[in-house]
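Here is the naming used below: chain letters follow the sequence lines, and residue numbers restart at 1 for every chain. Since the structure is predicted, the reported quantities are computational estimates derived from the model, not experimental observations.
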2 protein chains.
Amino acid sequence: MQDPETTLRQHDLPVTAQRLAVLRAVAHHPHATADDLAEQVRQEIGAISRQSVYNVLNVLTDKGIIRRIQPAHSPARYEDRVGDNHHHLVCRSCGQTEDVCCAVGAAPCLHAHDQHGFQIDEAEVIYWGTCPACQRKSRS
Amino acid sequence: MQDPETTLRQHDLPVTAQRLAVLRAVAHHPHATADDLAEQVRQEIGAISRQSVYNVLNVLTDKGIIRRIQPAHSPARYEDRVGDNHHHLVCRSCGQTEDVCCAVGAAPCLHAHDQHGFQIDEAEVIYWGTCPACQRKSRS
DNA sequence: GTACAGTTTTAGACTTTGTCAAATTAATGA
DNA sequence: TCATTAATTTGACAAAGTCTAAAACTGTAC
């Protein structure tokens, strides 16, 4: 990921302190929620409105600069690793999220056996399980 | 799927009119939301509280009698087809949901390349796209 | 069939996550 | 620097679901 200011200019987006800070927060805290990111941004630039966090995240997502993932039972999470077709591994009990490479090669998951006439543009894969820390907790 | 009353008794669940009606509604309307199901139940038995619909759906889901799926931008949907490892195909514009068989065979999706120490118990796959009806609409 | 104990159901307030809209403020280009 | 355009803020609002306490019901024992 290159410097945030360059990224914004490349997408014809006015450069603001809020956008820079949100971009940096996403880069430094992959899989963070909007709330987490707001907290990070506040530590960096002092203040930001809740709405601005959502605005910025929505714009960045629309432009494809960041990616939004929305696992069940969790608010949306964001990451700046885009365009590499990776998937996610989510802990059922604490929500910890890890990246995993596409399970079967390049971009294979885009083929369902019976497409029902749908035009498929994405195959989203979420592996659900228990993270090492929560495994230890439940054993004790 | 066998008769709803038998199903409830097999799981040591007291048989109530609400539970029977919700179970039947799920069976007759796969991929319906809690709201849809409440509406169906009301047509069948006259009345049910919103909370009861959620209670019943939660109990049935916990017992593994029905399955909950939660695609992004959509309230939870329910189906009584459980235990066969199938996936879903969701229309981005209208939310229409179809079942698709597991893409790569029996239950292969349960293996991620790097499991990060997680104990994986489910691989959830959602294919996103545009359903035939919405394709026609957007072309016109 | 009745009564009891333990669940379910109900009603209504509440929480979380996110959006809408209008007013204010800031960024860009001449 | 100024004007224009766009972004940010504030506060109200919305959807989906949970929490709690009270009332009603189910299943079982008598």
Side-chain angles (χ1 to χ4, degrees), chain A residues 4-26 31-39 41-42 44-63 65-66 68-78 90 95 97, chain B residues 4-23 25-26 31-39 41-42 44-63 65-66 68-78 90 94-95 97:
Chain A
E5 183 164 343
T6 311
T7 306
L8 291 175
R9 294 200 192 284
Q10 280 178 348
H11 288 85
D12 285 316
L13 290 173
V15 176
T16 67
Q18 290 86 344
R19 284 177 174 168
L20 291 175
V22 170
L23 251 181
R24 269 194 290 264
V26 172
H31 310 137
T33 64
D35 248 26
D36 298 336
L37 295 168
E39 198 43 50
V41 170
R42 291 201 182 98
E44 193 185 336
I45 64 170
I48 192 174
S49 69
R50 207 167 58 103
Q51 185 60 52
S52 287
V53 176
Y54 281 109
N55 286 349
V56 173
L57 291 173
N58 286 341
V59 170
L60 298 178
T61 304
D62 289 349
K63 293 278 185 180
I65 299 170
I66 63 176
R68 175 171 24 225
I69 57 178
Q70 289 176 266
H73 311 118
S74 162
R77 292 165 183 274
Y78 298 86
V90 181
T97 305
Chain B
E5 183 164 344
T6 310
T7 306
L8 292 175
R9 293 200 192 284
Q10 280 179 348
H11 288 84
D12 286 316
L13 290 173
V15 176
T16 67
Q18 291 85 345
R19 285 177 173 167
L20 290 175
V22 169
L23 252 181
V26 172
H31 310 137
T33 65
D35 249 25
D36 298 337
L37 294 169
E39 198 43 50
V41 169
R42 289 196 185 101
E44 194 186 335
I45 64 169
I48 192 173
S49 70
R50 208 166 58 102
Q51 185 59 53
S52 288
V53 176
Y54 282 109
N55 285 349
V56 173
L57 291 172
N58 286 341
V59 170
L60 297 179
T61 303
D62 288 349
K63 294 277 183 179
I65 300 171
I66 62 176
R68 176 194 287 135
I69 57 179
Q70 289 176 265
H73 311 117
S74 162
R77 292 166 184 272
Y78 298 86
V90 181
C94 72
T97 305

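- Of the two residues near DNA chain D, B/T16 and A/T16, the one whose nearest nucleotide lies more 5' is A/T16.
- We find that CZ of A/R77 is positioned 10 Å from P of C/dT17, with the value rounded to whole Å.
- Under the side chain to side chain contact (heavy atoms under 4.5 Å, CB included) test applied with B/L60, the options B/N55, B/V26, B/L8 reduce to a single match, B/L8.
- Going from atom OG1 of A/T6 over to atom NE2 of A/H11 covers 12.0 Å, rounded to the nearest 0.5 Å.
- Among the atoms of the strands shown, none is found under 4.0 Å from any heavy atom of A/A17.
- In this structure, A/H11 atom NE2 and D/dA6 atom P are separated by 18 Å, rounded to whole Å.
- One can place CG of B/D12 at 16 Å from C1' of C/dT8, the figure rounded to the nearest angstrom.
- Atom CG of B/L57 is separated from atom OH of B/Y78 by 4.5 Å, given to the nearest 0.5 angstrom.
- Dashed line: the shortest gap from a side-chain N or O of A/Q18 to OP1 or OP2 of D/dT9 is under 4.0 Å.
- Contact between the side-chain N/O atoms of A/R19 and the OP1/OP2 oxygens of C/dA27 is not found at any separation under 4.0 Å.
- With rounding to whole Å, A/L8 atom CG is found 12 Å from D/dA7 atom C1'.
- Put simply, CG on A/D35 is 9 Å from C1' on C/dT17, counting in whole angstrom units.
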Enumerate donor-acceptor pairs with a distance under 3.5 Å from any side-chain N or O in residues 12-24 of chain A to protein atoms, sequence neighbours excluded.
from: A/T16; atom 1: OG1; to: A/R19; atom 2: N; distance (Å): 3.1
from: A/R19; atom 1: NH1; to: A/P14; atom 2: O; distance (Å): 2.8
from: A/R24; atom 1: NE; to: A/E44; atom 2: OE2; distance (Å): 2.8
from: A/R24; atom 1: NH2; to: A/E44; atom 2: OE2; distance (Å): 3.0

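- Across the protein-nucleic acid pair, A/I45 atom CD1 and D/dA7 atom P stand 16 Å apart, rounded to whole Å.
- Taken from CZ in B/R77 to CG in B/L37, the straight-line distance is 10.0 Å, to the nearest 0.5 Å.
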Please step through side-chain contact (heavy atoms from CB on, under 4.5 Å) for the pair B/T33 and B/D36, ending with a clear verdict. CA-CA 5 Å; B/T33 65; B/D36 298 337; 3.0 Å; yes
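- Contacts between residues 48-56 of chain B and DNA chain C, defined by a heavy-atom separation under 4.0 Å, are made by B/I48, B/S49, B/R50, B/Q51, B/S52, B/N55, B/V56.
- Backbone-only engagement by A/V15 is indicated by non-hydrogen atom pairs under 4.0 Å involving sugar-phosphate atoms exclusively.
- Regarding B/Q70, its CD atom lies at a distance of 7 Å from the P atom of D/dG17, rounded to whole Å.
- The side chain of A/P14 has D/dA6 as its nearest neighbour among D/dA6, D/dG27, C/dT8.
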Audit row: B/T97, B/I69, side-chain contact (heavy atoms from CB on, under 4.5 Å) steps and yes/no: CA-CA 10 Å; B/T97 305; B/I69 57 179; 4.2 Å; yes
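- Rounded to an integer number of Å, the gap from A/N58 CG to D/dA6 C1' is 16 Å.
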